[in-house]
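Here's the structure, in structure tokens; my notes come after.
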Amino acid sequence: MKTNPDWKQMRSLHLISPLQIRTELAAAMTAALASKFQVEIPSVEVLPSRNLSFGDLACNSAMPLAGKLKRSPRDIATVMADSISNSFPQVDKVSVDGPGFLNITLSGEYLAEFTAAVAERGLGRFIPSEGKGKTALVEFVSSNPTGPLTVGHCRQAVLGDAVSRLLEAVGWNVEREYYFNDAGKQMERLAESLASRYMNILGVAMEIPEGGYQGEYIKDWAEDFLKEKGDSFKWPEQKDDFREYAASRAFVLISEDLKLLGITFDRYFAESELIPDAVENTLKLLDTKELIYKDSEDPRKIWLKLSEMGRPDDRVVVRDDGTYTYRMPDISYHLNKFKRDYDLIVDIFGSDHIDTCKDVETVLGNLLGEEIVSTRLRTILHQFVTLVRGGEKVKMSTRAGNFVTLRDLVDEVGSADVVRYIFLTRRAEAHMDFDLEAAGADNDENPVFYVQYAFARISGILRKVSDVESLLHLCNAERLESILTGDRERNLMRLLETVPLKVSAAATSLEPHRIPDLLAEVARAFHGFYQHHRVVDPDNNEITAARLTLCMAVRSTLNDLLTILGVRAPEKM
RNA sequence: GCGCCCGUAGCUCAGCUGGAUAGAGCAACGGACUUCUAAUCCGUAGGCCACAGGUUCGAAUCCUGUCGGGCGCACCA
């Protein structure tokens with residue numbers, strides 16, 4: 001998926017990429033308008049047709065240009081149509097329809113060449129590689145290391161991994177990073193909660209602190225702590241021992257949870273690494289820029305002047321005991337990320353982070369320049385997940401310790417593929433009801449199987465054929481075009497041709513939810529084709545070869561799209 | 001009260017940098033297995049795109065307001 005198209009080789013085959021044909025058509029039409037009307041013309045846009053019955057590509061630029069050129073939209077569209085109608089072998093038909101739409105139908109020759117090339121060399125090389133040679137950092141999950149991951153983290157984990165994979169699909173070199181908050185007040189509470197359980201085992205009364213952690217897993221940790229380290233520890237004398245032990249156990253817990261979904265990180269970045277040097281440097285920097293001030297009553301307490309930067313309220317960044325609030329190391333962390341010089345920094349947070357991440361962005365803008373921050377930092381805030389079982393909402397409460405964990409979810413659903421796919425079907429900013437019964441169902445209520453089944457079917461066909469390679473060599477683009485003339489075959493090729501640019505658009509907008517839609521569309525078109533056309537015909541090698549070529553192209557497309565979601569492409573089901 | 005997100009078919013959701021008849025899956029109804037896996041296919045039905053204004057040649061899409069839901073408004077993260 002990472003290789004770049006070899007344009008020269010394609011030229012020799014008369015094949016140009018989906019992106020290039022669109023670019024060339026737009027350029028030709030823009031040039032024709034400029035020369036005919038002798039005015040500056042904003043570049044026209046060639047877009048996918050909304051409805052395939054109009055054609056493959058459409059352009060509506062004639063309508064907005066009508067006022068400026070003082071001509072009717074249809075006249076303008078006609079000028080555009082004339083400029084491309086006979087000069088592109090990739091174009092079969094151009095028409096002007098309705099109020100001034102320009103509709104373009106791609107030629108069978110081009111579609112056949114494209115399909116053959118995808119079958120032979122894979123779809124990946126046709127995806128425009130905008131990210132080639134560039135690096136991106138994607139931060140996600142970053143949950144407090146205080147316990148197992150929950151359903152909310154699960155959505156974020158899946159989303160972050162898919163965003164990363166999507167960026168990789170268009171050529172980015174991606175690093176996945178988990179910011180490990182191991183230095184804050186929550187860690188203190190966790191350590192004390194552990195100490196409390198430990199003391200209880202030893203028969204000493206000690207309450208779990210206010211806001212502490214009640215989960216059963218802490219009891220297990222306490223028992224292990226006792227076994228491994230002995231019974232001589234006291235709170236708060238050996239505070240650090242409790243804290244370190246809890247953090248390391250939480251770390252293991254979290255990485256095992258992530259492993260259930262097949263997610264790994266390139267780096268776990270510990271907040272404690274920033275303390276105190278990096279944070280003190282950041283404070284000095286903020287002070288130099290006069291963005292902080294001392295509290296009027298307690299000079300050890302330090303405030304951030306957010307209200308002067310257009311945010312609603314000033315915030316404390318250093319408490320009177322000298323410890324930092326969440327925002328402080330987070331600003332340092334982001335400065336660190338910028339210093340590492342990525343071309344793109346993606347932050348993924350739950351919607352409860354809205355205020356803090358706006359604050360951090362604002363401060364970064366003041367320190368580094370708004371231009372740099374707005375072009376290089378992109379934040380995805382996802383909404384929460386409501387679990388539904390049998391039409392009833394599943395109550396979740398972190399405090400009481402009866403939350404549904406990521407592990408529970410994957411166990412109940414029974415498949416990481418299903419969990420990933422369903423989470424990725426909704427766009428990040430939309431609320432989401434996750435129906436445990438439907439997700440756990442082993443039937444056609446489950447959208448994942450529909451797509452995977454298409455891949456498995458193709459694999460089944462391939463198993464029927466003894467020598468796929470030599471059969472495929474029987475089939476060149478010309479033959480493909482003359483044999484695959486059915487509507488279903490033709491529409492399948494048309495659909496495949498749009499995939500590279502749709503992937504590219506999804507990556508540009510950091511929206512992996514577009515991929516499941518696309519997958520379902522490809523699978524649907526394939527299932528329809530499969531039902532109506534027999535692929536393997538022992539008496540007709542030519543037809544077999546042509547349809548097999550199409551199957552190979554679909555297979556490659558499904559595989560690449562499933563890879564973006566991190567969902568398996570099974571040979572058998 | 002303030003900020004952000006959401007409100008599209010019975011259910012879950014796409015479509016939202018404005019464009020030609022609003023889409024899909026599931027559920028419902030009617031059909032299709034002596035043929036490469038029927039976890040499939042074909043067909044039918046289902047919608048004042050929350051509501052009210054505005055911008056324009058054109059609005060589910062942009063703006064304003066109202067109503068409804070989620071999240072936040074910590075010296076937690």
Side-chain angles (χ1 to χ4, degrees), chain A residues 45 47 49-51 53-54 58 60 63-64 66-67 73 97-101 103 142-144 146 179 181 184-189 211 271 295 298 301-303 311-313 315-321 323-327 329-330 349-358 381-384 386 388 391 422 425-435 438 441-454 456-465 488 509 513-514 516-518 520-521 523-524 526-538 544 547-548 551 572-573:
Chain A
E45 259 190 307
L47 302 165
S49 281
R50 284 218 149 202
N51 188 328
S53 65
F54 292 130
N60 59 21
M63 285 176 282
D97 302 299
F101 293 99
N103 290 315
S142 296
S143 117
N144 272 338
T146 54
Y179 179 58
N181 287 109
K185 192 164 263 185
Q186 291 302 327
M187 282 311 291
E188 205 69 14
R189 286 180 183 152
E271 180 187 9
D295 188 82
D298 189 338
K301 187 190 278 190
I302 296 174
W303 293 78
R311 298 288 304 151
D313 300 302
R315 301 283 180 181
V316 171
V317 286
V318 182
R319 301 188 188 94
D320 55 17
D321 64 359
T323 59
Y324 309 115
T325 65
Y326 169 73
R327 284 175 178 75
D330 203 37
F349 298 120
S351 62
D352 55 337
H353 274 64
I354 281 186
D355 263 16
T356 56
C357 72
K358 283 258 163 70
L381 290 168
H382 70 270
Q383 296 294 318
F384 290 160
T386 307
V388 179
I422 293 179
T425 309
R426 276 72 161 175
R427 57 196 213 288
E429 63 270 24
H431 300 275
M432 166 175 179
D433 284 355
F434 189 103
D435 187 329
D442 251 1
N443 57 27
D444 51 6
E445 277 181 56
N446 209 315
V448 192
F449 298 139
Y450 184 82
V451 173
Q452 289 184 319
Y453 186 50
R457 272 186 151 172
I458 297 171
S459 305
I461 296 169
L462 293 176
R463 283 193 293 273
K464 280 275 168 190
V465 181
R488 290 197 160 79
S509 57
H513 77 270
R514 301 190 193 190
D517 256 16
L518 192 52
E521 213 179 331
R524 194 177 313 123
F526 173 76
H527 284 308
F529 156 79
Y530 177 94
Q531 204 79 25
H532 292 85
H533 300 286
R534 175 137 193 116
V535 176
V536 180
D537 181 349
T544 303
R547 292 191 174 148
L548 213 48
C551 287
K572 285 183 181 175
M573 285 177 75

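In this text the structure is predicted, and so the values were computed from the model without any measurement. Chain identifiers are assigned alphabetically (A, B, ...) following the order of the sequence lines, protein sequences preceding nucleic acid strands; residue numbering begins at 1 within each chain.
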Starting at [atom1] of [X] and ending at [atom2] of [N], how long is that distance when rounded to a whole Å?
X: A/E45; N: B/rG19; atom1: CD; atom2: P; result: 11 Å
X: A/D433; N: B/rA14; atom1: CG; atom2: P; result: 11 Å
X: A/L518; N: B/rG25; atom1: CG; atom2: P; result: 15 Å
X: A/E271; N: B/rA77; atom1: CD; atom2: P; result: 7 Å
X: A/I354; N: B/rC6; atom1: CD1; atom2: C1'; result: 11 Å
X: A/Q383; N: B/rC13; atom1: CD; atom2: C1'; result: 15 Å
X: A/R534; N: B/rA32; atom1: CZ; atom2: C1'; result: 17 Å
X: A/F526; N: B/rU37; atom1: CZ; atom2: P; result: 11 Å

Remember a base hit wins even if backbone is also touched, and classify [X] as base, sugar-phosphate or nothing at under 4.0 Å, heavy atoms.
X: A/A430; result: sugar-phosphate
X: A/T356; result: base
X: A/R524; result: sugar-phosphate
X: A/H382; result: nothing
X: A/P312; result: nothing
X: A/N51; result: base
X: A/M432; result: sugar-phosphate
X: A/A456; result: base

For [N], the Watson-Crick or wobble counterpart (both distances under 3.5 Å):
N: B/rC13; answer: B/rG23
N: B/rG53; answer: B/rC63
N: B/rC73; answer: B/rG1
N: B/rU35; answer: none
N: B/rA28; answer: B/rU44

If you measure from the [atom1] atom in [N] to the same atom in [M], how many Å do you get, rounded?
N: B/rC26; M: B/rU35; atom1: C1'; value: 30 Å
N: B/rG30; M: B/rU21; atom1: P; value: 34 Å
N: B/rG58; M: B/rC71; atom1: C1'; value: 36 Å
N: B/rG25; M: B/rC62; atom1: C1'; value: 30 Å
N: B/rG72; M: B/rC41; atom1: C1'; value: 48 Å
N: B/rG65; M: B/rG3; atom1: P; value: 9 Å
N: B/rA22; M: B/rA14; atom1: C1'; value: 11 Å
N: B/rU44; M: B/rC4; atom1: C1'; value: 43 Å

* Should the pair A/H353 and A/F349 be assigned to parallel (<30°), tilted (30 to 60°) or perpendicular (>60°) ring geometry? ->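 The rings of A/H353 and A/F349 lie parallel, inter-plane angle below 30°.
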* With distance as the sole criterion, do the side chain of A/H431 and the base of B/rG7 form a donor-acceptor contact below 3.5 Å? ->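 Checked by distance alone, the answer is no.
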* Asked: With a 3.5 Å cut-off and just heavy-atom distances, do the side chain of A/N103 and the base of B/rA20 make a donor-acceptor pair?
  ->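 A donor-acceptor contact between them is present.
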* To do: Report the residue (A/R327 or A/R311) whose heavy-atom-nearest nucleotide on RNA chain B is the more 5′ of the two.
  =>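 Mapping each residue to its closest nucleotide by heavy atoms, the 5'-most match is A/R311.
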* With RNA chain B as reference, determine whether A/S142 or A/D355 sits nearer its 5' end, using the nearest nucleotide of each. =>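 First, find each residue's nearest nucleotide; the 5'-ward one identifies A/D355.
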* Asked: Does the side-chain ring of A/F384 lie flat on the base of B/rG70, meaning centres under 5.5 Å and planes less than 30 degrees apart?
  ->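 The base of B/rG70 is not stacked with A/F384 (the test needs centres under 5.5 Å and planes under 30°).
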* Asked: Any stacking of A/Y450 on B/rG25, going by centres under 5.5 angstrom and planes within less than 30 degrees?
  ->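 Aromatic stack with B/rG25 absent for A/Y450.
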For [X] and [N], is the shortest distance between a side-chain N/O and OP1 or OP2 below 4.0 Å?
X: A/H527; N: B/rA39; result: no
X: A/R457; N: B/rA38; result: yes
X: A/R488; N: B/rC42; result: yes
X: A/R427; N: B/rA14; result: yes

Which atom pair, heavy atoms only, marks the closest approach of [X] to [Y]?
X: A/G211; Y: A/R189; answer: O-CD, 3.4 Å
X: A/I461; Y: A/C551; answer: CD1-SG, 4.1 Å
X: A/R488; Y: A/G528; answer: CD-O, 3.2 Å
X: A/F526; Y: A/A454; answer: CE2-O, 3.8 Å
X: A/D355; Y: A/R311; answer: O-NH2, 3.5 Å
X: A/R514; Y: A/S509; answer: NH2-OG, 3.1 Å

* Give me the one residue out of A/V448, A/I422, A/T425 that meets side-chain contact (heavy atoms from CB on, under 4.5 Å) with A/P516. =>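 Looking at A/V448, A/I422, A/T425, the match for A/P516 under the side-chain contact (heavy atoms from CB on, under 4.5 Å) is A/T425.
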Of the listed nucleotides ([options]), which one gets closest to any side-chain atom of [X]?
X: A/T425; options: B/rA77, B/rC13, B/rA14; result: B/rC13
X: A/F101; options: B/rA20, B/rU21, B/rU37; result: B/rA20
X: A/Y453; options: B/rA60, B/rG72, B/rA38; result: B/rA38
X: A/H532; options: B/rA77, B/rA14, B/rC42; result: B/rC42
X: A/F54; options: B/rC71, B/rA14, B/rU21; result: B/rU21
X: A/Y530; options: B/rU37, B/rA20, B/rG72; result: B/rU37
X: A/R315; options: B/rC71, B/rC13, B/rC73; result: B/rC73

* **Contact check, side chains of A/I458 and A/Y530, non-hydrogen atoms, under 4.5 Å** =>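 No, every pair of side-chain atoms sits at 4.5 Å or beyond.
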* Asked: Base of B/rC63 relative to its sugar, syn (within 90° of 0) or anti?
  ->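 In terms of base orientation relative to the sugar, B/rC63 is anti.
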* Asked: Rounded to the nearest 0.5 Å, what separation is found between the CD atom of A/E271 and the CG atom of A/N144?
  ->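 If we round to the nearest 0.5 Å, A/E271:CD and A/N144:CG are 8.5 Å apart.
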